[in-house]
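First the structure, in the form of C-alpha cells, and then the observations on it.
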2 protein chains.
Amino acid sequence: MKDPAAAPRIHDVAKLAGVSVATVSRVLSNPSIVSERTRQAVEKAVEETGYTVNLMARNLRQQQVGAVLALVPNLANPFFSEILAGISGTLRAEGLSLLVLDTRQTDPGSPSRGLRAYLNRSRADGVIVLDGSLDPALFDHAACPPVVQACEWIDGLVGPRVLADNTSGARMAVEHLLGLGHRRILHLTGPSANTLSQSRAAGVAAALAAAGLPPAPRIEGAFTLKSGHAASAALLAQAELPSAVFCDNDEMAIGLMAGLRAAGLRIPEDISIVGFDNIEMSAYASVPLTTVRQKRAQLGRRAAETLLAQRSAPAPTELILPVELVVRDSTAPARDHLRVAARDRSA
Amino acid sequence: MKDPAAAPRIHDVAKLAGVSVATVSRVLSNPSIVSERTRQAVEKAVEETGYTVNLMARNLRQQQVGAVLALVPNLANPFFSEILAGISGTLRAEGLSLLVLDTRQTDPGSPSRGLRAYLNRSRADGVIVLDGSLDPALFDHAACPPVVQACEWIDGLVGPRVLADNTSGARMAVEHLLGLGHRRILHLTGPSANTLSQSRAAGVAAALAAAGLPPAPRIEGAFTLKSGHAASAALLAQAELPSAVFCDNDEMAIGLMAGLRAAGLRIPEDISIVGFDNIEMSAYASVPLTTVRQKRAQLGRRAAETLLAQRSAPAPTELILPVELVVRDSTAPARDHLRVAARDRSA
DNA sequence: TTGTACGCGTTATCAC
DNA sequence: GTGATAACGCGTACAA
C-alpha cells in the first residue's frame with residue numbers, strides 16, 4: 001500500500017492518460033509535437049492528478065540548476081536590495097530563481113571558504129557579483145559558473161561587467177560645485193581599497209584638474225550613515241572649513257548633514273553637500289540632497305540580461321550605464337563667489 | 001575521446017583511488033565509518049581530480065533541495081532586506097541556500113499564478129512568507145513545502161508565525177504621547193487591509209481607551225516615504241491640527257516630517273511625531289525620530305529557526321518578539337499640557 | 001505520432 | 001569495512 005500523500009509522478013499521469021511517460025513529458029515541454037487528441041488526454045490526466053514536474057529530476061537530466069546566484073556585500077543595505085529587485089525581475093521572466101548570498105556573513109576565519117562551495121555549476125547556472133572586495137582566485141576554477149560583475153568590480157577578474165558611470169558622475173558633481181563658485185571642496189570617500197571609491201576619485205580629480213585646481217583633501221568613510229556622521233566631527237576640527245563636500249554616497253551625505261546641522265551649520269548657506277546614488281530617502285532628508293542618480297533597478301536588469309546572454313555568446317563585454325545630476329536644495333553658490341559677484345556688479 | 005573540461009564524477013575518483021563509488025560517497029558524507037587507509041586514498045584522489053559532489057544528483061537522491069524560499073512584498077524595501085539578512089545567516093549555518101522572490105513582481109494579470117509554481121517541494125524545502133496580503137489558498141496544496149509566516153501574517157493560513165509585538169509597540173508609542181500630555185493624536189496608518197496596520201491600530205485603540213479617550217482619527221498611507229509626505233498635506237488641511245502623530249512606520253514618519261517642516265511647522269515644538277521600526281535612518285532624520293524598535297535581523301533568524309524546527313517537530317507555534325520604545329527628539333510635551341502645568345503651579 | 005530504454009550522478013540497501 | 005546495484009524522476013535518442 002502506497003503512501004496516498006506521495007506526490008504524483010510522471011508515471012502516474014501516463015497510466016491515467018493511457019500513454020507512455022515519454023508522451024507526457026513531451027506534452028509538458030514541447031506540446032506542439034504531439035497530436036491534439038493525446039495532448040488533451042494528458043492535460044486532463046495532469047489536471048486530475050495534480051501533477052507538477054519534479055525540478056530536481058529535470059535539472060539533473062538537463063544539467064542545469066534553474067537559478068542564478070547574487071553575491072552582495074551586505075544584504076541589509078538598501079542600495080543592493082534595489083539592484084536585486086532588478087535582477088529578480090529579469091530572472092523571473094526567464095523562469096529562473098534568484099539565490100542570494102551575503103559575502104560578509106561567511107565565517108570570519110576564512111571568508112572565502114564558505115563562499116567557494118557556492119561557486120559551483122551544480123548550485124547555480126550563473127553568478128552576479130556585487131562585491132568588489134572578493135579575491136579573483138575564488139572564481140578561477142573549472143566548476144565555477146559564468147560570472148558577471150555588476151556595480152562594483154574585481155581587479156584581476158576578467159569577464160563581462162555592468163557598471164554605472166562613476167567617474168562621470170563624480171566629475172559632474174564636482175563641476176556643479178565648481179560652477180557655483182566653490183573652490184574649497186572636500187571629498188568624503190568610501191574605503192580607499194574600494195573600486196567604486198577609486199573611480200569616483202578619478203572623476204573628482206579630473207574635474208579639479210580641468211579647473212586648474214589642486215586635488216581635493218579627503219576624509220575616508222565606509223559608505224554608512226554612521227561613518228558620514230563621524231566625518232562631521234573630523235571636518236569641523238579642520239583649521240579651514242571647506243565650502244562644499246562631495247560624498248561618495250547618499251548615506252554618508254545624510255549622516256554628514258545630520259552632524260553638521262547639529263553643530264549649528266546651515267546647509268546650503270554655510271556649506272554645500274552633494275551625494276551619490278539618489279536613494280529614495282535623499283529627497284526627504286533634512287535638506288533635500290543634491291546627488292547623482294544611478295538607476296539601480298536598471299543596473300540589476302542589465303546585469304541579469306548580460307548573464308543570460310553569456311549562455312549563447314560568451315564575451316567579456318563592459319557596459320557603462322549613464323548617470324545624471326539631480327540638483328536639490330543642499331547646494332548653493334559659494335559665499336566667496338557671491339561676494340566676488342557683488343563686487344563685480346558694483347564696480 | 002572525452003571532453004577534458006568535463007567535471008570529474010564520483011566514478012573518476014573511485015577509479016583513481018582504486019575503490020568503489022560507494023566508498024567515495026561514504027568518505028564524503030560519513031568519513032568515520034571508513035578505514036583510515038582508504039579514507040586517505042580517497043581524499044587524495046578527490047584532491048587530484050578536483051572533484052566536488054554534484055548537488056543536483058544528491059538532491060534528487062535525497063529528495064531535498066537545499067534551499068529555502070523567502071517571499072517578500074518588495075525586495076527594494078530596506079525593511080525586508082534586514083530580515084532577509086537574518087534569515088540568510090541562519091540558513092547558511094545549516095548549509096542551506098536562500099531563494100528570494102518578490103511577490104509584487106509577478107505578472108500583473110494573475111499575481112498568484114507565477115508564484116504558485118515556486119511553492120513546490122521540488123523548488124524549496126521550506127518557505128518563509130513576509131507578505132500578509134497573499135491568498136491563503138496559494139499554500140493549500142500537497143506539493144507546498146512547510147511554511148512559516150514572519151513579520152506579517154495571512155488570515156486563514158494556519159502554521160507557525162514569528163511576529164513582533166505590534167500591538168504592544170503601538171500601545172507604548174501612544175502611551176508615551178499621552179504621558180507627554182497629548183490628547184489630539186492622529187494615527188497615520190498603513191493600508192487598512194494590512195494585518196500589521198490592524199494590530200497596531202488595536203494597540204492605539206487600547207491605549208486611548210485606557211485613558212478614557214475616543215478613537216484616534218486616521219489618515220491611511222502605504223508605508224512609503226511618499227505616502228507619508230502626502231499625508232502632511234491632508235493633515236494641514238484639517239480644521240484642527242493634531243498635537244501629535246503616531247505613524248505605522250518610520251518611512252512614513254520621515255516623509256511626514258519633511259512635509260510638515262517644509263510647511264513651517266517645528267518638530268517637536270508644534271507637533272510631536274512617533275514612528276515604528278527604528279530603521280537606521282531614523283536616528284539621522286531631520287529631527288531624530290522617536291520610534292518603536294523592532295529587531296529585524298533577529299526576527300529573520302527566528303523565522304528561519306522556526307522553519308528548520310518544523311522538519312523534526314511540526315507545530316503551529318506563534319512566537320511574539322518584544323519591541324521597545326526609543327525616545328529621541330521628535331516628541332515633546334504638548335503645549336496645552338505645559339500651559340495646564342504652569343497654571344497648576346501658579347495656583 | 002508514439003513507445004522503449006537508457007542515462008543524468010549520487011546515495012542507500014543489501015550482501016560479502 | 002567494502003563493493004555491487006537499485007533507486008531518485010525525468011528527458012530524449014532511437015525504433016516502431
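By convention in this document, chain letters (A, B, ...) are assigned in the order of the sequence lines, proteins followed by strands, and residues within each chain are numbered from 1. In this text, all values refer to a predicted model and were calculated from it rather than measured experimentally.
One interatomic measurement links the two molecules: CE of B:M56 to C1' of D:dG9, which rounds to 14 Å at whole-angstrom precision. Here the C1' atom of nucleotide D:dG3 and the NZ atom of B:K15 are 16 Å apart, to the nearest Å. B:R58 has its CZ atom 5 Å from the P atom of C:dT11, to the nearest Å. As rounded to whole Å, 13 Å separates atom C1' of D:dG9 from atom CG of B:N120. One can place NE2 of A:H11 at 14 Å from C1' of D:dA7, the figure rounded to the nearest angstrom. Separating the CG atom of B:L55 from the P atom of C:dT10 is a distance of 10 Å, rounded to the nearest angstrom. Atoms CG (A:N30) and P (C:dT1) sit 11 Å apart, rounded to a whole Å. Atom CG in A:L60 sits about 14 Å away from atom P in D:dC8, given to the nearest Å.
Close to D:dG3, at under 4.0 Å from its OP1 or OP2, lies a side-chain N or O of B:T23. Between B:T38 and D:dG1 there is no side-chain N or O to OP1 or OP2 distance below 4.0 Å. For C:dG7, neither phosphate oxygen OP1 nor OP2 lies less than 4.0 angstrom from any side-chain nitrogen or oxygen of A:Q63. Close to C:dT2, at under 4.0 Å from its OP1 or OP2, lies a side-chain N or O of A:S35. Between D:dC8 and B:Q62, no contact under 4.0 Å exists linking OP1 or OP2 to a side-chain N or O.
Each of D:dG9, C:dT10, C:dG3 was ranked by its minimum atom distance to the side chain of B:R9; first place goes to C:dT10. The side chain of B:V21 sits closest to D:dT5 out of D:dG9, D:dT5, D:dT2. Closest to the side chain of A:A22, from the set D:dT12, D:dA4, D:dC10, is D:dT12. Picking from D:dA4, D:dC10, C:dG9 the nucleotide with the shortest atom distance to the side chain of B:N54 gives C:dG9.
Using a 4.0 Å heavy-atom criterion, one finds that A:I10 contacts the sugar-phosphate atoms exclusively. Nucleic acid contact for A:R61: base, since at least one base atom lies under 4.0 Å from a heavy atom of the residue.
In summary, B:D131 and B:R104 engage in a salt bridge, as defined by a charged side-chain N under 4.0 Å from a carboxylate O.
Recorded end-axis angle for the helix from C:dT1-D:dA16 to C:dC16-D:dG1 stands at 40°, based on five pairs per end and rounded to 10 degrees.
The side-chain heavy atoms of A:N54 and B:Q63, taken from C-beta on, include a pair separated by under 4.5 Å. Side-chain contact check for A:P145 versus A:D125: every heavy-atom pair is 4.5 Å or farther apart.
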Distance-only donor-acceptor hits, side chain of residues 19-28 of chain B, under 3.5 Å, sequence neighbours excluded:
from  : atom 1 : to    : atom 2 : distance (Å)
B:S20 : OG     : B:A22 : N      : 3.4
B:S20 : OG     : B:T23 : N      : 3.4
B:S20 : OG     : B:T23 : OG1    : 3.3

For residues 71-81 of chain B, tabulate all N or O donor-acceptor pairs below 3.5 Å that involve a side-chain atom, not counting sequence neighbours.
from  : atom 1 : to    : atom 2 : distance (Å)
B:N74 : OD1    : B:A76 : N      : 3.0
B:N77 : OD1    : B:F79 : N      : 2.8
B:S81 : OG     : B:P78 : O      : 2.9

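Taking only distance into account, the side chain of A:R26 meets the base of C:dG3 through a donor-acceptor pair shorter than 3.5 Å. For B:R39 against D:dG1, no side-chain N or O and base N or O form a donor-acceptor pair under 3.5 Å.
Take the nearest nucleotide of DNA chain D for B:V34 and for A:Y51: the residue whose nucleotide is more 5' is B:V34.
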Trace of the side chain to side chain contact (heavy atoms under 4.5 Å, CB included) decision for B:M56 with A:R61: CA-CA 9 Å; B:M56 296 183 290; A:R61 181 60 233 250; over 6 Å; no
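Within the 3.5 Å criterion, the main-chain N or O of B:A85 finds a donor-acceptor partner in the side chain of A:Q105.
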